[in-house]
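One-based numbering, in listed order, for ligands and for the atoms of each.
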Amino acid sequence: MPEPTQITVPPNLLPSDGRFGCGPSKVREAQVRALTEAGTSLLGTSHRQAPVKSLVGRIRSGLAELFDAPEGYEVVLGNGGSSAFWDVATLCLVRERAQHAAFGEFGAKFATATTRAPFLAPSQVITAPPGSVAVPEAADGIDVYAWPHNETSTGAMAPVRRVPGSREQGALTLVDATSGAGALPVDLAETDVYYFAPQKVFGSDGGLWVAIMSPDAVARAQEIESGDRWVPEFLSLGAAITNSRQDQTLNTPAVATLVTFAEQVDWLNEQGGLAWASERSATSARTLYSWAESRDWATPFVARPEDRSTVVGTIDLDESIDATQVITALRANGILDVFPYRKLGRNQLRIGMFPAIEPTDVELLTRSIDFVVDALV
Ligand SMILES: *Cc1c(COP(=O)(O)O)cnc(C)c1O
């Protein structure tokens, strides 16, 4: 058996771009060019002055357009990424008790954050094994229902629909859309907070969170922050809302991240918006899953076809093939970051299928994998 690093995939089987990671993910050349062009006008200039503020404004209005935000919904942003937003939401959006549907690492992390908060009742957590989907259920005493749109650690995607009766109960619906936002269809009216970070679908860098918030969610933050709960300013949603309304962030943002983010939002809108982006990822997903189903040594990890993510594909390999060797051989050929989520611990490949990734490259990736597997066994 050859050393994985000695395997050479023929150039005609190689994707035009080898980046298939699930975050950070492929940055398009046009985004990098935008960064170069911003080199002397935006980079290295104050985020409190008109040029950077208008960049933030472009992102906010571009996202409202991309998601067809209902009347009154606001695009709010702050520093710290989606993980920081879990703490922001724990402090500023959960009144007494949250319910989480958790079916992977990311959903579970937010559940842990609210459960550990000493000022909240222990959260109700509805779980499902990795590779399947758990959905929230109406329950008394719940004021926040939360779940991920796309569970990046397992490649399962969930419906975004309010729990029946949740609005009458006065509960908010919070959806972690970090890896799905911008490439999965969504009706924001089914959510109060649809939040994400720009290093996945938007092909930018990490470190920023964005939350598209309903008037009910804004009111909840105001209610909680005017009460006696201590909220550190950095985690204050009220402060983020105030700053966002002025196209600013509480503290200094990474201007380069804003530039590549804005470029991608404009690109998605110009290409045909969310419908176009969703279809492009779905095309890649059809290629990937049908390929896996046609190989006797590969199986889509997510059992139910309707739960299979169209942005993050997870493919289990037969135990006779060591996924680590496949991943090593692919990396030696410039195909990067197709490893599974580390804590999942499966003999698996995980493949980003974000809109920036050419569907034809996903097809070529499958041919490269075929070649590597043939060479290894
Ligand atoms: C990547 C990811 C996160 C974490 O995002 P950070 O910006 O790194 O904190 C949270 N939730 C989901 C679903 C993710 O895919």
Side-chain angles (χ1 to χ4, degrees), residues 19-27 59 63 76-90 93 98 100-114 125 127-128 130-136 146-160 173-184 186 191 193-212 234-235 240 249 253-254 256-258 260-261 264 281 302 307-314 337-344 350-357:
R19 292 170 293 177
F20 292 96
C22 293
S25 65
K26 179 182 170 187
V27 183
I59 291 170
L63 289 173
V76 178
L77 69 168
N79 284 313
S82 291
S83 300
F85 191 77
W86 290 327
D87 291 333
V88 170
T90 300
L93 291 172
H100 298 260
F103 44 95
E105 282 299 317
F106 290 107
K109 281 186 190 191
F110 186 22
T112 301
T114 59
V125 187
T127 60
S132 61
V133 165
V135 291
W147 69 95
H149 195 176
N150 188 71
E151 182 43 83
T152 321
S153 67
T154 67
M157 63 181 183
V160 175
T173 297
L174 274 52
V175 175
D176 176 358
T178 307
S179 58
L184 295 183
V186 70
T191 71
V193 184
Y194 191 72
Y195 65 93
F196 50 92
Q199 72 274 24
K200 304 198 179 178
V201 170
F202 296 97
S204 180
D205 266 322
L208 203 67
W209 58 258
V210 174
I212 310 185
F234 187 68
L235 298 174
T249 44
T257 302
L258 296 172
T260 50
F261 188 6
Q264 189 80 335
S281 287
V302 176
D307 296 344
R308 287 177 194 156
S309 170
T310 51
V311 278
V312 171
T314 45
D337 301 340
V338 295
F339 43 77
Y341 192 76
R342 59 198 137 80
K343 280 202 204 142
L344 197 59
R350 183 176 60 148
I351 292 146
M353 301 178 290
F354 300 126
I357 294 165

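When atom types are taken as modelled, the side chain of Thr310 and the backbone of Ser281 share no donor-acceptor pair closer than 3.5 angstrom. At distances below 3.5 Å, at least one donor-acceptor pair connects side-chain atoms of Glu151 with backbone N or O atoms of Gly107. Without hydrogens or angle criteria, Arg19 side chain to Ile357 main chain gives no donor-acceptor distance under 3.5 Å. Put simply, the side chain of Ser25 never gets that close to the backbone of Cys22: no donor and acceptor are under 3.5 Å apart.
A heavy-atom separation below 4.0 Å is not found between His149 and ligand 1.
Ser82 CB, 3.5 Å is the protein heavy atom nearest to atom 5 (O) of ligand 1. Shortest contact from atom 8 (O) of ligand 1 to any protein heavy atom: Gln199 NE2, 3.4 Å. The protein atom (non-hydrogen) at minimum distance from atom 11 (N) of ligand 1 is Asp176 OD2, 2.7 Å. With respect to atom 9 (O) of ligand 1, the closest heavy atom belonging to the protein is Ser83 OG, 2.6 Å.
Ligand 1 has no N or O atom lying under 3.5 Å from any N or O atom of Asn150, backbone or side chain.
For the side chain to side chain contact (heavy atoms under 4.5 Å, CB included) test with Phe110, the passing option among Thr90, Asp87, Asp176 is Thr90; the others fail.
Taking every heavy atom of Thr152 and a limit of under 4.0 angstrom, the matching atoms of ligand 1 come to 12 (C), 13 (C), 14 (C), 15 (O). Under a 4.0 Å criterion applied to the non-hydrogen atoms of Lys200, ligand 1 contributes the atoms 1 (C), 2 (C), 3 (C), 14 (C), 15 (O). Taking every non-hydrogen atom of Trp86 and a distance limit under 4.0 Å, the qualifying atoms of ligand 1 come out as 10 (C), 11 (N).
In Ala197, the part holding a heavy atom less than 4.0 Å from any atom of ligand 1 is the side chain.
Aromatic ring pairs are classed by plane angle as parallel below 30°, tilted from 30° to 60° and perpendicular above 60°; the pair Phe196 and Phe261 is perpendicular. Taking the six-membered ring where the residue is Trp, Phe106 and Trp86 present tilted rings, their angle falling between 30° and 60°.
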